[in-house]
Amino acid sequence: MSIRPIDVARTDGGPQWVEAVATPSGVEVWWDEPRPAEGGRRCVVRRLPDGSRVDALPPGWNARNRVIEYGGRSWRPLPDGGLVFTNWADQRLYRIRGAEPVAITPEGPYRYADLYLPPGRDEVWAVRETDGVRDLVAVPLDGGPVTMIVKAQHFLMNPRLSPDGRHVAWIGWDHPNMPWDGTELCVAPLREDGTAGAHRVVAGGPEESVAQAEWRDDAGLYAVTDPTGWWNIHLVSLDGSPATNLTPIEQEFGAAAWKPGMSYLAPVEGGAETGELAVVYGTPDLRRLGVLNPETGDIRDIGGTATYWSSTVSVAGGKVAAVGATPYTPLEVTLVDLADGTHEVVSPRKPLPDRDLLPMPEAVTIEGVHTHLYPPSGDRSGPDPYVIFVHGGPTGNLPVVLDLEIAYFTSRGLGVAVVNYGGSTGYGRAYRERLRHQWGVVDVQDCAKVARGLVEMGRADAAKIAIRGGSAGGWTTVAALVHSDVFAGGVAHYAITDPESWAAETHDFESRYLDGLVGPLPETRERYTERSPLLNAYRASGPCLMMHGLEDAIVDVSQAERFTAELDKHGKEWALITYPGEQHGWRREETIVSALEAELAFYGLIFGMETPEVPPLTLKGRA
């Protein structure tokens, strides 16, 4: 028995942007979830105090946005039970009160994200983006003129109104920094007309990353920031005194801000005397949910059996809403009672395969590289074929959670090793910056180290190790194929194949990313040439399967087309599959199924495995 592709598609993705709301009849919980069977839309779901669930968006509406192309916080529940959200089709802001949504922003080249409802105001604040320019705006909930509150740094996120309504705080940064390199926590007075006065920086800087900030009171903010090299929670005072680290431990209380609006802490209602905070913290190996007492530094664990909690947490009515998972259960919205610690899963349970089909992960370190091993199912004798899974980013990670995509392969006799190579988040800034100016070197070397380590451990067959990844993980995949002799083949989803041309083609958010990953242009062009998989395609150690969405605005499909053309030119084996209607990542059920089947067929070809259950794949260049 094996896991089917449709099983993977129907559990793909997870809830995000969770929010708890206190009502007279109890606590409501809101979240949004992917709907692969509905064209990949994200639907906002409302769970009422009586336990019933309703879709807060009618069919056809999609709560997503394209701010910095990855999107950000896309909705907020309103006090009257309504909803304000961004719609994917036209990127406008809408309000819904039980009937059809009504637009509250004008048509135009605008995108909105990181939605926030300032207390006491009948408006929603959002980061507005147009033509590479971002500002913070206020939009009346009943429509009307939009007010620009802040125009400051090139990138903005985390708008927050002070308790007395007199100041606005936000986080901003400028090129060439990425938000995990250096950001500034800013505070400015709010004028009577709703616009901000001159701001001052109260935390952060070019080498300190503030990831989230919430007002403690009118005189200070809680900030997730990393002057020590770890994203810890600090109390930042407006009087200019040094910030106080409330969690001085080598654990991450934050993460890389790929999507504006993520939350790692939430003030506990009624905790004014102690300022208690619900927090998520840890590493990709184990990430916990807890309640921090900032006066003592004590953290009360309320995470239960979940081994990972994602970057969204909300508190209302004495309960914490968060999203947790284990190696055997997917990401689920969970309501935790602060009084007695009981857990209640409030999102719908997903159908799961038999537990015997799920691999038991093992967190190991191989030559200093953080790795999660997923052995193939069944009784095994001797070394197995293995696939190295490489995460995207590259400033990201893959945690230990149920992943049916991994289980799809392990249930068919393939081992999987997830490599959180140097540059990955969750292990402190020093590990993250191992990749500085070394992209295409350290990531490739770390994946090769793990592959060789598996052979030395007797777990992997040296002739049957492949590598796969998406986006930046796709880059590492093709870079490993041309710059090492370890891998029998690679599968690259929406991959970067030539860094210099990608830097010129890509969107504004990542247009200077390579300054830190490789080096500034034109001064370090030689590095780009040396590391380019495109320019070194003739050295590929094995075949390559490439898959790409035709609407990808982050990595254009031409990256895949040019690379496969070079492989063909030099007599290498390859295949390229493109998907109309898909962007940077697979969201549609039919695409997820197709991509998995093609990948399994590819491993069948390069490992000599029979794969009769999937359509055959033809490699060009193979006799």
Side-chain angles (χ1 to χ4, degrees), residues 8 11-14 16 34 70 180 252 254-256 258-259 262 280 282-288 306-312 323-331 358-366 368-375 386-410 414-428 431-432 434-435 439 442-444 446-451 453-454 465-477 480 490-495 584-586 592 595-596 599:
V8 182
T11 61
D12 188 62
Q16 62 181 7
Y70 291 102
W180 44 86
E252 298 281 38
W258 282 99
K259 293 185 177 184
M262 294 188 292
V280 290
T283 73
D285 306 337
L286 181 66
R287 199 169 190 221
R288 303 302 295 157
T307 55
Y308 179 82
W309 293 90
S310 63
S311 299
T312 180
V323 178
T326 76
Y328 309 106
T329 55
L331 291 165
L358 302 179
M360 181 181 295
E362 178 186 356
V364 300
T365 301
I366 299 176
V369 183
H370 296 285
T371 307
H372 303 146
L373 300 182
Y374 296 81
Y386 257 81
V387 182
I388 302 296
F389 270 46
V390 191
H391 65 73
T395 312
N397 64 65
L398 286 173
V400 180
V401 297
L402 174 66
D403 187 334
L404 287 192
E405 186 175 51
I406 290 174
Y408 174 76
F409 296 112
T410 60
L414 294 167
V416 169
V418 170
V419 179
N420 284 328
Y421 51 86
S424 301
T425 55
Y427 304 101
Y431 191 78
R432 191 165 80 240
R434 281 189 58 217
L435 202 61
W439 194 41
V442 165
D443 49 330
V444 170
D446 283 1
C447 290
K449 285 179 185 176
V450 171
L454 291 171
I465 303 178
I467 185 169
R468 62 93 76 182
S471 190
W475 151 273
T476 301
T477 294
V491 178
H493 303 251
Y494 35 94
H584 198 64
W586 314 138
I592 296 167
L596 278 171
E599 187 167 345

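If you're wondering where the values come from, they're calculated on a predicted model, not measured in any experiment. Counting from 1, the numbers follow the sequence of the chain as shown.
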| task | Kindly indicate, with the supporting measurements, whether the criterion side chain to side chain contact (heavy atoms under 4.5 Å, CB included) is fulfilled by Val419 and Ile366. | result | CA-CA 10 Å; Val419 179; Ile366 299 176; over 6 Å; no
Which pair of heavy atoms, one from [X] and one from [Y], lies closest together, and at what distance?
{"X": "Leu373", "Y": "Ala417", "result": "CD2-CB, 3.7 Å"}
{"X": "Asn397", "Y": "Gly426", "result": "ND2-N, 4.4 Å"}
{"X": "Thr371", "Y": "Val369", "result": "OG1-O, 3.1 Å"}
{"X": "Val442", "Y": "Gly422", "result": "CG1-O, 3.9 Å"}
{"X": "Gly392", "Y": "Ala472", "result": "C-CB, 4.1 Å"}
{"X": "Gly14", "Y": "Pro34", "result": "O-CD, 3.5 Å"}

Between [atom1] of [X] and [atom2] of [Y], what distance do you get to the nearest 0.5 Å?
{"X": "Tyr386", "Y": "Thr410", "atom1": "OH", "atom2": "OG1", "value": "9.5 Å"}
{"X": "Leu358", "Y": "Tyr374", "atom1": "CG", "atom2": "OH", "value": "11.0 Å"}
{"X": "Tyr431", "Y": "Glu252", "atom1": "OH", "atom2": "CD", "value": "12.5 Å"}
{"X": "Thr365", "Y": "Tyr427", "atom1": "OG1", "atom2": "OH", "value": "7.5 Å"}

| message | Which residue in the set Leu398, Asp446, Val450 passes side chain to side chain contact (heavy atoms under 4.5 Å, CB included) when paired with Asn420? | response |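 Answer to the side chain to side chain contact (heavy atoms under 4.5 Å, CB included) test with Asn420 among Leu398, Asp446, Val450: Leu398.
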| message | Please determine whether side chain to side chain contact (heavy atoms under 4.5 Å, CB included) holds for the pair Tyr421 and Arg434, giving the CA-CA distance in whole Å, both sets of side-chain angles, and the decisive distance to 0.1 Å. | response | CA-CA 9 Å; Tyr421 51 86; Arg434 281 189 58 217; over 6 Å; no
Please check: side-chain N/O of [X] versus main-chain N/O of [Y], any donor-acceptor pairing under 3.5 Å?
{"X": "Thr477", "Y": "Gly469", "value": "yes"}
{"X": "Arg468", "Y": "Gly474", "value": "no"}
{"X": "Arg287", "Y": "Gly282", "value": "no"}

Validation row: [X], [Y] side chains within 4.5 angstrom (heavy atoms):
{"X": "Ser310", "Y": "Gln16", "value": "no"}
{"X": "Tyr328", "Y": "Met360", "value": "yes"}
{"X": "Tyr308", "Y": "Leu402", "value": "no"}
{"X": "Phe409", "Y": "Val387", "value": "no"}
{"X": "Asp443", "Y": "Val390", "value": "no"}
{"X": "Trp475", "Y": "Pro394", "value": "no"}
{"X": "Asp285", "Y": "His372", "value": "yes"}
{"X": "Thr307", "Y": "Pro327", "value": "yes"}

| Test side chain to side chain contact (heavy atoms under 4.5 Å, CB included) applied to Tyr408 and Glu599, step by step | CA-CA 11 Å; Tyr408 174 76; Glu599 187 167 345; over 6 Å; no
| query | So, His370 and Ser424: side-chain donor and acceptor under 3.5 Å apart, yes or no? | reply | no
| query | What class does the angle between the rings of Trp180 and Trp258 fall in, given that below 30° is parallel, 30 to 60° is tilted and above 60° is perpendicular? | reply | tilted
